Amino acid sequence: MTQTPPAPAEQTLEGRRVLAVVTNYGVEQDELVVPVEHLRARGAVVDVAAATSDAVETLVGDKDPGRTVTPDTTLADVDPSGYDLLLVPGGTINADTLRQDDDARRIAKEFATSGRSVAAICHGPWLLVDAGVVEGKTLTSYASLAPDLRNAGAAEWVDEPVKTCPASGWTLITSRTPRDLDDFLAAVDEELAA
């Protein structure tokens with residue numbers, strides 16, 4: 001009689017470090033809170049770096065107040081070299097403000113040029129446009145960003161729940177909206193476990 005082998009235990013992400021970058025107002029609640037809680041539950045260390053040390057006021061649907069998150073550090077003070085993956089949540093206000101922040105652009109550029117992974121959802125890829133790192137990448141995002149991404153030199157924009165692109169020597173994981181979080185987090189887990 002042949003026995004079915006037991007299912008493998010869910011792989012933990014112990015020893016992996018993730019940096020989430022946000023502004024202090026306007027980040028889409030589920031695009032920050034859900035990944036942070038998910039990754040921490042799997043054993044990863046996740047630090048939230050905000051523009052200031054003040055509380056991060058999230059929004060739901062870009063308009064309704066969401067949960068408040070306490071940042072672990074600031075964009076200016078964090079040393080991004082100690083992290084395996086950069087998480088860039090969306091929220092229209094957050095992303096549009098974050099892309100104008102010198103420290104946020106520096107952090108995104110450092111991840112890409114050092115060959116480390118970046119995961120951006122919804123409006124999050126706007127930061128990558130202003131950091132000058134999307135050229136040659138195939139990615140997805142909130143649909144209204146497609147022209148900006150193409151104009152910034154992205155090889156292709158696709159309308160898919162998640163897109164992982166290893167081109168140009170670093171991995172970029174992107175998703176469209178909070179509805180794609182399950183696919184997004186599965187791709188992030190896979191990348192961190194590799």
Side-chain angles (χ1 to χ4, degrees), residues 13 16-42 44-80 82-111 117-131 133 139-145 148-149 161-162 172-185 187-189 192:
L13 299 176
R16 305 307 262 164
R17 294 179 50 87
V18 175
L19 177 64
V21 293
V22 295
T23 58
N24 292 84
Y25 179 78
V27 64
E28 185 67 28
Q29 173 187 275
D30 288 353
E31 293 172 10
L32 173 62
V33 173
V34 172
V36 167
E37 290 178 351
H38 169 86
L39 292 167
R40 286 177 177 165
R42 301 270 326 269
V45 172
V46 183
D47 290 330
V48 176
T52 72
S53 59
D54 298 326
V56 175
E57 297 177 46
T58 71
L59 294 177
V60 177
D62 275 339
K63 60 182 178 8
D64 298 321
R67 287 172 53 184
T68 299
V69 175
T70 302
D72 301 291
T73 186
T74 65
L75 297 170
D77 291 338
V78 71
D79 177 4
Y83 295 90
D84 302 297
L85 182 135
L86 176 64
L87 173 67
V88 187
T92 309
I93 297 168
N94 172 68
D96 193 41
T97 306
L98 196 62
R99 71 191 294 193
Q100 299 173 59
D101 186 286
D102 290 338
D103 291 309
R105 289 193 307 266
R106 172 187 53 80
I107 291 166
K109 190 169 191 87
E110 184 174 322
F111 269 84
S117 304
V118 176
I121 186 168
C122 201
H123 287 79
W126 259 345
L127 172 61
L128 308 178
V129 168
D130 283 69
V133 298
L139 67 160
T140 193
S141 65
Y142 193 77
S144 66
L145 271 65
D148 291 346
L149 294 165
V162 67
L172 174 60
I173 301 164
T174 50
S175 280
R176 301 171 300 191
T177 70
R179 290 188 307 271
D180 299 324
L181 274 168
D182 288 344
D183 294 317
F184 181 68
L185 291 174
V188 169
D189 286 350
L192 285 170

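All values below come from the heavy atoms of this structure, side chains included, with hydrogens, waters and symmetry mates left out. What you are looking at is a predicted structure, and each value in this text was computed from that prediction instead of being measured.
- Taking all atoms of both residues into account, the shortest heavy-atom contact from Val69 to Val33 is CG2-CG2, 4.0 Å.
- Asp62 and Thr92 share a side-chain donor-acceptor pair at under 3.5 Å.
- A pairwise comparison of heavy atoms in Val56 and Ala50 identifies CG2-CB, 3.8 Å as the closest pair.
- Scanning all heavy atoms of the two residues, the minimum distance from Gly82 to Arg17 falls at O-NE, 3.0 Å.
- Between the Asp148 side chain and the Val129 main chain, no donor and acceptor come within less than 3.5 Å of each other.
- With sequence neighbours excluded, no residue forms a side-chain hydrogen bond (donor to acceptor under 3.5 Å, both in side chains) with Asp96.
- Listed for the Glu57 side chain is no donor-acceptor partner under 3.5 Å among the backbone atoms of Gly66.
- For Pro125 against Cys122, the heavy-atom pair with the smallest separation is CD-O, 3.3 Å.
- Between Leu192 and Leu39, some side-chain heavy-atom pair lies under the 4.5 Å cut-off.
- No donor-acceptor pair under 3.5 Å is formed between the side chain of Gln29 and the backbone N or O of Thr58.
- Considering only residues two or more places apart in sequence or on other chains, Thr52 meets the side-chain hydrogen bond (donor to acceptor under 3.5 Å, both in side chains) condition with Asn24, Asp54.
- When side chains are defined from C-beta on, Pro89 counts as touching Val22, because their heavy atoms get closer than 4.5 Å.
- A salt bridge is absent between Arg105 and Asp130; no separation between the charged side-chain nitrogens and carboxylate oxygens falls under 4.0 Å.
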ask   = Could you go step by step and tell me if Asp101 and Val21 meet the side-chain contact (heavy atoms from CB on, under 4.5 Å) rule?
value = CA-CA 11 Å; Asp101 186 286; Val21 293; over 6 Å; no
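- Contact check on Asp72 versus Arg40 returns a salt bridge, with a Lys/Arg side-chain nitrogen under 4.0 Å from an Asp/Glu carboxylate oxygen.
- Between Leu87 and Val188, every side-chain heavy-atom pair lies at or beyond the 4.5 Å cut-off.
- Checked by atom type and distance alone, the side chain of Asp180 pairs as donor or acceptor with a backbone atom of Arg176 at under 3.5 Å.
- Of all non-hydrogen atoms in Leu19 and Phe111, the two that sit nearest each other are CD2-CE1, 4.3 Å.
- Within the 3.5 Å criterion, the main-chain N or O of Pro161 finds a donor-acceptor partner in the side chain of Ser175.
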